[in-house]
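See below for the structure under consideration.
Atoms considered below: every heavy atom in the structure, side chains included; atoms not considered: hydrogens, waters and symmetry mates. Here the structure is a predicted model, which is why all the values come from computation and not from measurement. Position 1 is the first residue of the sequence; numbering continues from there.
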Amino acid sequence: MEKSSGCALTVATDAECDRRDSAALYQFSGHRMLLKFKHRVICLYPVGKIEDKIKAFRGKKENWRKWVPNSITYMFPQLIEVLDTNQIPAEIEKYKIGLHLASLSDYFNDYFTDADTDAWDWVRDPFITHTSAQGLSGKAEEELLDLECNLTLTIRFSQGPCVGFLLLGKWKYLELPAVAVQVLLPFPTTSLCELSSSALTTMRTKYRAHMGVENDLHVYLLSISPWLERLCSDRGPIPHINERSNQLQGLLLISVQSWLPKQTPSFSKEKIKILVFKGEHSIHKQLDESLISPRQLKMMLPWKQIVLLSITGCLAACIEDVIFQGPRWRTEPSDLILPINSPDQQATITCEAEGSLLPQYRWSLNGTLIDLGNDYRRHMSGGNLIISNLDKDQDIGMYQCTAYTTWGSILSRRASLQFAYLDTFKTQTVRSAVNVREGQGVVLLCGPPTHSGELTFAWIFNEYPYFVQQDSRRFISQETGSLYIAKVEPSDVGNYTCVVNNTITREKVLSSPTPLVLRSDGVMGEYEPKIEVHFPDSVPAAKESVVRLECFALGNPVPEISWRRTSGVPFPSKVKMKNSNAVLEIPNFQQEDAGTYECMAENRRGKNAARGRISFHAKPHWLQTMADTALSIEENLFWECKANGKPKPSYSWLKNGEQLMGEGQIQIENGALSIATLNLSDSGMYQCVAENKHGIIYSSAQLMVLASPPSFSKSPLRALLKARSGSEVTLECKPQASPPAISLWKKGNEILQRTERITVLPNGTLKIANVTKRDAASYTCVAKNRFGTASTTGRLLITEPTRITMRPTNMEIIVGESIVLPCQIACDPALDVSFSWAFNGQLIDFQRDSYHFERVGGTISGDLMIRNIQLNHGGKYVCVIDTDVESLSTSAILVVKGPPGPPDKVAVEEITDSTAQLSWTPGRDNGSPITGYIIQGRTPFTVGWQVVDTVPEVVNGNMLTATVVGLNAWVEYEFRVVARNSVGLGEPSPASDKTRTEDAIPDTAPTDVGGGGGTKSELVITWEPVPEELQNGEGFGYIIAFRPVGMVTWTRAVISTPGVSRYIFRNDTIPPFSPFDVKVGAYNNRGEGPFSSIATVFSAEEVPSVTPKRVRARSVSAVQIEVIWEAIPAIPERVLGYEVVYWEDDTKPDTIGKVRISGNYTLVNITGLKAHTAYYLSVAAFNTAGPGPQSAPINTTTKKPPPDQAPLNIQWTMIGSTLTLHWDPVVAMETESKVTGYLVLLKRHRYNDINTILTDKTTVELSLSANDNYLIQIKAMSEGGEGVGSEPIHIHKLSMGARGSGASRPSPLYLSAIVISALLCSVW
């Protein structure tokens, strides 16, 4: 940064200001200047520094012109690189550069004339005397004089930093800064233009369009300049900025905007388009010359960056990269009809377009452009036109919207704006009376007032709300509004009022009443129909409209109305007859509905007819439209659009909204447009217009004319191309170029000559047939058009053919096995080889199908391993070998054998009570012939499927029928068939339909017949019920037969419940415990089946009548009581055993327990009792009739519980094989039984038995084997039983001669010796 008193307006050094291209975010500090003017921010260059740079460049340019003839061209490194690359001679090089410098001088001097910088010195330093200051008013000059004499400000200015001194200082000078702005404004403005423009031109077109940054690059004074790196990172990947093009010619299309404040009217805001060509600069200016002077123009446009681009090829878009960015309609205007007295008094006609740039809009009314700037009632919101304070006379008409951007303009369809209204009837006096005879027809006229918009009509009879109802005698025409009465009746006499409704405004007006009076001079006689309402002779109808034809006749009797087409074609179903056939309605009118229609009115006095022709018309609609097109410069354009309509539409063409005339290179014929030899000015938005008297339609498309030098960036030759010896090689030369480039081929450095083997196609493609090693070389395609030359090079390598050394062979394999299919090759080492496998035409996905398929082998082997082969793996396998130059394949058929597939269509052809005739169709044999079938059956009573017996017993593979035997009657069966072959059994077939066998007499008798027991005078008979599947039919039951032993006659009883298994016969004459012969049979609806074998069953016996004597009880422990009694002596009743009943308290019946012991035992132990609890006990004898009388109750109390503490502090000593144990005595609590001794449990590792040792001491000696391990536990003994055991002590055989101690805490275990034994056994 410079730092001097003369840098008051220095913003930044040259390098820093130039770097704003890539980092245009101003951080004002130091000696940079920030200009604030009306809240706008600008970065300022010093005036003197700009002029200094211009003078310096003029001097350099003159030196370059001197040096170039002496071959000094270092100033143009990129240009020299281009010339050298294209092998252009040095003389041409000098000549081209000389022409360029001469042209550059002319344009530079034109744009940068000498400026009077002395007049601006006061802007550099306001503290020196300025004799030549210009453009200052009297007040400004006074302010400048005051400033020069202000010593304080002079010191502040010299000390710096000079941040905004002149313009931002807090002092009283107000006019002087405004003049400084006028002087300085062109420099930052044009600088910003240059920065954004140069940034855009270094980006390829498709990236600019993709990012959509054009609007962001429009820099206004109210904002800072764009930060391009931030824009690129925000929009996506930073677009690829190509290196300087290596072509001599290039096309640069730049659109820039002059960004000026509204307070500066002397500067234009129009856009400037610059076309820069090689060696010449054609400037196309779109400026408002009335607002800008030539001097100001030159100050505004210091295009130094553009001019100093010397000869630079800017890459234009190729056709493949084109993104069409012109405007497109999203919403077009639609017809409007509004009430004239609309409460909001505002109309909005919609119009919206889209495009890469935000479209602008303009509107026309009846073909005349609307001047919105001078029209206070009309304004736009977006593209919508809003009309306020509607005026019927000024606003009615046809509106059209135009959307335009820098890419072009398009017209919308036309839309009409109309106003609906309904005036009142002119007179409100009562109308003249209508006098008619009874039976005569009459017409009451409505005569609607002036109006706009659709009307509907109704009539009031006498007074509201009594409306006339239409029927076959009365009709209201919606065309005329009149009321027609075919035959007047006395009830029709009264006043009639016509009601008119406007469907748009929803207004309603009523006419004056019309009296209908009945004449008294007689009744009208009968007469033939007279048609009063009929449609016109010619009715035009639009496509898809609703056509309504009215027809009504007066007559006596009332006529009947009918319709027909004179062509005889019947009406389609869509045609509707309404109002007693007075209205014929045709919805969705189409071409085939056109024709002559006839209305017939008829009564018994005659008939009358009316005819009219309905003609079809349709506004145009598109059959074919043109599409957006991008063509190279000098190419030819042909567009054709086709529309259908009736009458046939005519065509016209628009370009950017203006009529296109067919002249010169432009030819227009009906709907076809052709433009020969396109140039850049032909680019724009085109519209094809189709019109007939019923409508007009527009179709839009964009034409982009491209001009660019050849480029192989999209389609370069491959750096290395490999080809098999003897094959044909194709090298494509497809540069992107507009216009198309001319191509030639080089082999090495020599131009390639055509031969019988070498052919160059018209499109530049090179073909070499039957290539050999000699054809291996570098090949270059050189492409050239009027804008430049480009080339692409690739090397061709010839390789030896690839051979398959090992192929897969056809194989048969069993399902579930695994195989490897070989595929191996011998190939040229320069080739890259890949293997792939296809199965039945589908490529194998080794990742998805990795469970079965795996490719094995190295670089020259592509063997395929198939694991766990399934039936669906059978088929054709193809090994495909792909190299850089060829593709080979070899295949094999793999046949997979497996069990047969499931048979199908199993059906029961015939069924009896025990057999079923089956048939089926065979399934797939899966590579091995079917050798036989197995038939399986299933019923609701079987578990799963069971093999059934068949005839023949063995069903061979050739049979498709068999008879199933041994079935149960009246059972629902399903059958399925399983096939087998040499591999094994296959999957079963689907089950057959469920089929029930026929019923039959039961053939199975009940089993396990027995009984006995019961109460007195009862004979209880039991049996095992017959299963449902053996009942053989409905109505199943049992027949029970019994008789006393030795008798002949049977007593029979019948039970009809199939599930019953018990029968009780009661009779007081039955002696106790008497034997009976018993048998049980079965029956169903078909008859009786067999009986079971005879069993002997005893009748019920009596309970024992004697009570046991001498019953005694003794408490054995805390949980056990022993009960003893005397056996009952011989009595008449049987005694099968004894029953002991016990309880805690007579008041607690729920505590009663019972123990039975069979046989002649007289002692029983009752266990599981509560400790220290009193129990009552009683004993009785029992037999099958139940228990006899109980003995008198006795009672006893269980012992207190054993101590809850285990022996503690156990010490042991092992000397030799003698183990000595010591422990502390266990002291029982008050509520526990006293300790009577100790129980030592000893378990050996090798044995499951437990040895127990009782002692009344707290020590014991044990003799142990030295070759075994032991587990020892100690318990306290008491009257209440065994106490809690100590923690187990483990004595290992290695512990002999040792000592130790057991755990001192008590164990929670409370185990009997048996439980402890099980526990100790589980330790090992």
Pairwise distance CG(L731) to CD1(I768) - rounded to 0.5 angstrom: 6.0 Å

Can any side-chain N or O of T629 pair as donor or acceptor with the backbone N or O of A627 at less than 3.5 Å? yes

Who passes side-chain contact (heavy atoms from CB on, under 4.5 Å) against S725, sequence neighbours left out? I798

Considering only heavy atoms from C-beta outward, does the side chain of F835 approach that of S861 to under 4.5 Å? no

Could you pull out every donor-acceptor pair under 3.5 Å between side chains of residues 816-826 and any protein atom, sequence neighbours left out?
| from | atom 1 | to | atom 2 | distance (Å) |
| --- | --- | --- | --- | --- |
| S818 | OG | N868 | N | 3.0 |
| Q824 | NE2 | D863 | OD2 | 3.3 |

Which is it for K767 and E732 under the side chain to side chain contact (heavy atoms under 4.5 Å, CB included) test, yes or no, and what are the steps along the way? CA-CA 9 Å; K767 286 193 175 183; E732 292 184 338; over 6 Å; no

Donor-acceptor contact below 3.5 Å, side chain T883 vs main chain V833: no

Say whether, by atom type as modelled, one donor and one acceptor occur between the side chain of S683 and the main chain of M704 under 3.5 angstrom. no

Rounded to the nearest 0.5 Å, what's the gap from NZ on K876 to CG on N840? Could you check? 9.5 Å

Shortest non-hydrogen contact from G901 toward A979: O-CB, 4.4 Å

Quick check for you: to the nearest 0.5 Å, what is the distance between L631 atom CG and L678 atom CG? 5.5 Å

Side chain to side chain contact (heavy atoms under 4.5 Å, CB included) between L706 and I633, intermediate numbers included: CA-CA 6 Å; L706 308 176; I633 191 170; over 6 Å; no

For Q624, the side-chain contact (heavy atoms from CB on, under 4.5 Å) test, sequence neighbours excluded, returns E640, K642

Using the ring-ring contact (aromatic ring centres under 6.0 Å, His included) criterion, which residues pair with Y779? Sequence neighbours excluded. none

Indicate yes or no: at least one non-hydrogen side-chain atom of P739 is less than 4.5 angstrom from one of R786. yes

Can you pull the ring-ring contact (aromatic ring centres under 6.0 Å, His included) pairs that have at least one residue in residues 848-894, sequence neighbours excluded? F839-Y877, H852-H873, F853-H873

Atom pair OG1 (T890) and CE (M806), whose distance is rounded to the nearest 0.5 Å: 11.5 Å

Check the pair F846, W837 against side chain to side chain contact (heavy atoms under 4.5 Å, CB included), reporting the backbone distance first and the verdict last. CA-CA 9 Å; F846 288 98; W837 282 85; 4.1 Å; yes

Can you list every side chain to side chain donor-acceptor pair (under 3.5 Å) pair that touches residues 795-805, not counting sequence neighbours? T802-E886

Donor-acceptor pair, D628 side chain versus L703 backbone, under 3.5 Å? no

Closest non-hydrogen atoms of A630 and F324, given as atom of the first, atom of the second and distance, are N-CZ, 3.7 Å

Report yes or no: does S632 contribute a side-chain atom to a donor-acceptor pair with the main-chain N or O of E635 at less than 3.5 Å? no

Short side-chain donor-acceptor distance under 3.5 Å, W745 and T780: no

Is the backbone of K747 close enough, under 3.5 Å, to the side chain of E750 for a donor and an acceptor to pair up by distance? no

Can you check whether A769's main-chain N or O pairs, donor with acceptor, with R757's side chain at less than 3.5 Å? yes

Would a distance-only check, ignoring hydrogens and angles, find a side-chain to backbone donor-acceptor pair under 3.5 Å from K773 to L797? no

If we ignore angles and hydrogens, is there a donor and acceptor under 3.5 Å between the side chains of D882 and S887? yes

Min side-chain heavy-atom separation S889-I881 under 4.5 Å: no

Do R867 and D849 sit within salt-bridge range, that is, some charged N less than 4.0 Å from a carboxylate O? no

To the closest 0.5 Å, what do you measure between CD1 (I869) and CG (N872)? 10.5 Å

Walk me through it: do L766 and C733 pass the test side chain to side chain contact (heavy atoms under 4.5 Å, CB included)? CA-CA 8 Å; L766 172 64; C733 183; over 6 Å; no

Only one of T789, N785, T792 passes side chain to side chain contact (heavy atoms under 4.5 Å, CB included) with P710; say which it is. N785

Under a 4.0 Å N-O cut-off, is there an ion pair linking D828 with R724? no

Would you call C781 and F712 a side-chain contact if the rule is heavy atoms closer than 4.5 Å? yes

So, T931 side chain and R980 main chain: donor-acceptor pair closer than 3.5 Å or not? yes

Donor-acceptor pair, D884 side chain versus L831 backbone, under 3.5 Å? no

Locate the shortest heavy-atom distance separating Q736 from S715; write the atom from each residue and the value. NE2-OG, 3.5 Å

I want to check something: taking the side chain as every heavy atom from C-beta on, are S727 and V771 in contact at a cut-off of under 4.5 Å? yes

To the nearest 0.5 Å, atom OG of S738 lies from atom CD of E634 at 11.0 Å

